[in-house]
Amino acid sequence: MSSVPPVLPPGPQIVVAGIGADGWAGLGGSARAALRAAAVVLGGPRQLNLLPTEVTAVRIAWPTPLRPAVPALLAEYAGQGLAVLASGDPMFFGIGRALAEVAGTERLHVLPHPSSLSYACARLGWPLESTEVVSLVGRPLETLNLALHPGRRLLVLSADATTPAAVADLLTRQGWGATRLRVLEQLGGPAEQRREGTAADWPHPPGDPLNVIALDCAEDGPRSSVVPGLPDDAYESDGQLTKRHVRAATLATLAPNPGELLWDIGGGSGSIAIEWLRAHRDCQAVSVERSPVRAERIGRNAAALGVPRLRVVTGPAPAALEGMPTPDAIFVGGGLTAPGLLDACWAALPPGGRLVANTVTLESEALLTGWYRRHGGELLRLAVAHAVPVGGFTGWRQAMPVTQWSVVKDLREDTA
């Protein structure tokens with residue numbers, strides 16, 4: 001996906017200084033000099049309170065919510081000798097990303113401090129490069145579900161002092177009660193301390209809001225695959241579900257790449273969009289479902305399977321597609337015969353985008369055959385049979401065959 005140009009015009013540099021729990025004493029000479037020279041310092045209240053009186057800049061605390069306020073604050077102060085305080089490394093789960101998107105990387109002078117994650121790995125003896133990190137700052141608790149695997153080590157960035165207990169409760173409810181938790185507070189500062197326990201019997205009241213949670217996932221926790229084709233019973237469903245083996249083949253054809261956006265039309269139980277999102281944390285998806293009951297079910301499935309970021313649009317396609325962001329890929333799993341649906345999908349798809357449509361009915365198959373003749377691509381039939389008892393013997397029970405049309409929109413294609 002193409003990068004978004006910065007909002008601010010070129011101008012003076014903005015200093016972005018990382019600061020840790022050790023405060024002013026932990027800053028290097030360059031960061032101290034930049035903060036002394038600043039006319040305005042933006043930061044969180046906790047970070048601003050760590051500055052000594054020798055920093056004479058006007059101190060402005062970030063409002064809540066923070067992200068929507070960034071453009072206006074930078075536009076107001078960026079030309080006045082602005083410095084921004086950030087926790088630890090500003091470019092690692094920090095404010096640096098938002099600042100770069102608004103001001104552009106050329107205007108930022110970033111002075112990082114060791115992150116709380118670096119400190120945590122140093123205390124635990126874990127290699128940072130092979131330790132997965134999950135941030136729950138501004139994200140749903142269920143985001144953690146995707147990263148849970150038997151024997152896996154995780155670091156969790158807490159939103160506040162209540163996060164450890166909430167994580168322990170989630171783990172226990174999801175079958176990970178034997179998971180060991182270590183809550184590392186005020187890392188790198190004089191008040192650093194550690195709290196330990198297991199999820200099922202977490203004994204500690206809320207502690208310091210500045211904490212990182214280290215998880216040693218239980219060896220006997222529920223096992224789930226990292227590739228498409230989760231078991232059908234992983235989904236809450238009323239029967240409107242792309243079955244496991246067809247789903248795996250469909251996701252392989254859709255070929256998700258990091259950062260790409262999928263339209264999943266006729267979401268049913270949401271399985272295609274959910275497993276698209278599970279392919280990479282930067283993947284995006286919108287599931288369009290006309291039934292409000294099914295739309296709510298899709299949301300529950302997405303949360304349970306670790307991708308609560310799935311956007312669910314309730315309404316009939318193609319009308320519900322109006323105003324949606326341009327997709328990189330489209331999957332049509334239902335409603336193929338709705339007037340104008342495929343035309344709307346084709347018009348929305350950019351050159352190089354992928355379209356995959358599945359059907360089990362003769363009427364929709366005839367429609368796909370016509371589109372195949374017009375635009376090419378690949379038309380195939382997926383057939384799956386399961387061994388079942390036949391009296392005292394075993395035989396094959398054939399599932400309904402699925403006709404699948406897939407195509408990559410040619411650069412020369414007319415979108416009409």
Tyr119 vs Asp22 side-chain heavy atoms within contact, under 4.5 Å: yes
Minimum heavy-atom distance Trp126-Ala214, with the two atoms named: CH2-CB, 3.8 Å
Residues Arg32 and Glu54 bridged, charged N to O under 4.0 Å: no
Val58 and Ile60, any side-chain heavy atoms less than 4.5 Å apart: yes
Heavy-atom pair of closest approach, residues Ala39 and Gln80: CB-O, 2.8 Å
Verdict with supporting geometry, His375 and Asp410, side chain to side chain donor-acceptor pair (under 3.5 Å): CA-CA 9 Å; His375 296 287; Asp410 194 281; over 6 Å; no
Thr314 and Glu289: side chain donor to acceptor below 3.5 Å: no
Distance-only polar pair, side chains of Ser269 and Asn301, donor-acceptor under 3.5 Å: no
Salt bridge (Lys or Arg N to Asp or Glu O under 4.0 Å) between Arg195 and Glu185, intermediate numbers included: CA-CA 8 Å; Arg195 303 170 188 266; Glu185 300 176 349; 2.7 Å; yes
Leu305 vs Tyr235, side chain to side chain contact (heavy atoms under 4.5 Å, CB included): CA-CA, chis, key distance, verdict: CA-CA 9 Å; Leu305 292 168; Tyr235 293 92; 3.4 Å; yes
Heavy-atom closest contact (Ala178 atom, Asp220 atom, distance): CB-OD1, 4.3 Å
Validation row: Leu277, Leu262 side chains within 4.5 angstrom (heavy atoms): no
pair Leu310-Ile274: side-chain heavy atoms closer than 4.5 Å: yes
Modelled atom types, side-chain donor and acceptor of Arg139 and Ser135, under 3.5 Å: yes
Side chain to side chain contact (heavy atoms under 4.5 Å, CB included) evaluation trace for Leu42 with Trp62: CA-CA 7 Å; Leu42 284 170; Trp62 291 115; 3.8 Å; yes
Residues which pass salt bridge (Lys or Arg N to Asp or Glu O under 4.0 Å) with Arg311, listed by chain and number, not counting sequence neighbours: none
Under-4.0 Å salt bridge between Arg194 and Glu196: yes
Ser224 and Arg278, any side-chain heavy atoms less than 4.5 Å apart: yes
Residues which pass salt bridge (Lys or Arg N to Asp or Glu O under 4.0 Å) with Arg281, listed by chain and number, not counting sequence neighbours: none
Electrostatic pair Arg300-Glu142, nearest N-O below 4.0 angstrom: no
Minimum heavy-atom distance between Cys345 and Ile265, given as atom pair plus value: SG-CD1, 3.4 Å
Stepwise salt bridge (Lys or Arg N to Asp or Glu O under 4.0 Å) test for Arg67 and Glu101: CA-CA 11 Å; Arg67 184 62 180 86; Glu101 290 172 354; 2.7 Å; yes
Residue pair Thr179 / Thr172, side-chain heavy-atom distance below 4.5 Å: no
For residues 102-112, please give each side-chain donor-acceptor pair under 3.5 Å, one per line with the distance, not counting sequence neighbours.
residue	atom	partner	partner atom	Å
Arg107	NE	Pro12	O	3.1
Arg107	NH1	Pro9	O	2.8
Arg107	NH2	Pro12	O	2.9

Pair Arg152 + Asp216, salt bridge at N-O below 4.0 Å: no
Side-chain heavy atoms of Leu355 within contact of Ser406, under 4.5 Å: no
Minimum heavy-atom distance Ile298-Ser287, with the two atoms named: CD1-OG, 3.5 Å
Electrostatic pair Arg354-Glu260, nearest N-O below 4.0 angstrom: yes
Side chain to side chain donor-acceptor pair (under 3.5 Å) assessment of Asn358 paired with Gln404: CA-CA 5 Å; Asn358 290 356; Gln404 182 182 92; 3.1 Å; yes
Side-chain ion pair, Arg153 and Glu132, N-O less than 4.0 Å: no
Ser364 vs Thr361, side chain to side chain donor-acceptor pair (under 3.5 Å): CA-CA, chis, key distance, verdict: CA-CA 5 Å; Ser364 293; Thr361 70; 3.2 Å; yes
Check: Ser87/Arg46 side-chain N/O donor and acceptor closer than 3.5 Å: yes
Residue pair Leu187, Leu117: steps toward the side chain to side chain contact (heavy atoms under 4.5 Å, CB included) verdict: CA-CA 9 Å; Leu187 281 160; Leu117 303 169; over 6 Å; no
Worked verdict on Glu365 versus Thr403 for side chain to side chain donor-acceptor pair (under 3.5 Å): CA-CA 7 Å; Glu365 183 178 292; Thr403 298; 2.6 Å; yes
Any Asp160 side-chain heavy atom under 4.5 Å of Val137 side chain: no
Arg97 atom CZ, over 12 foreign heavy atoms within 6.0 Å: no
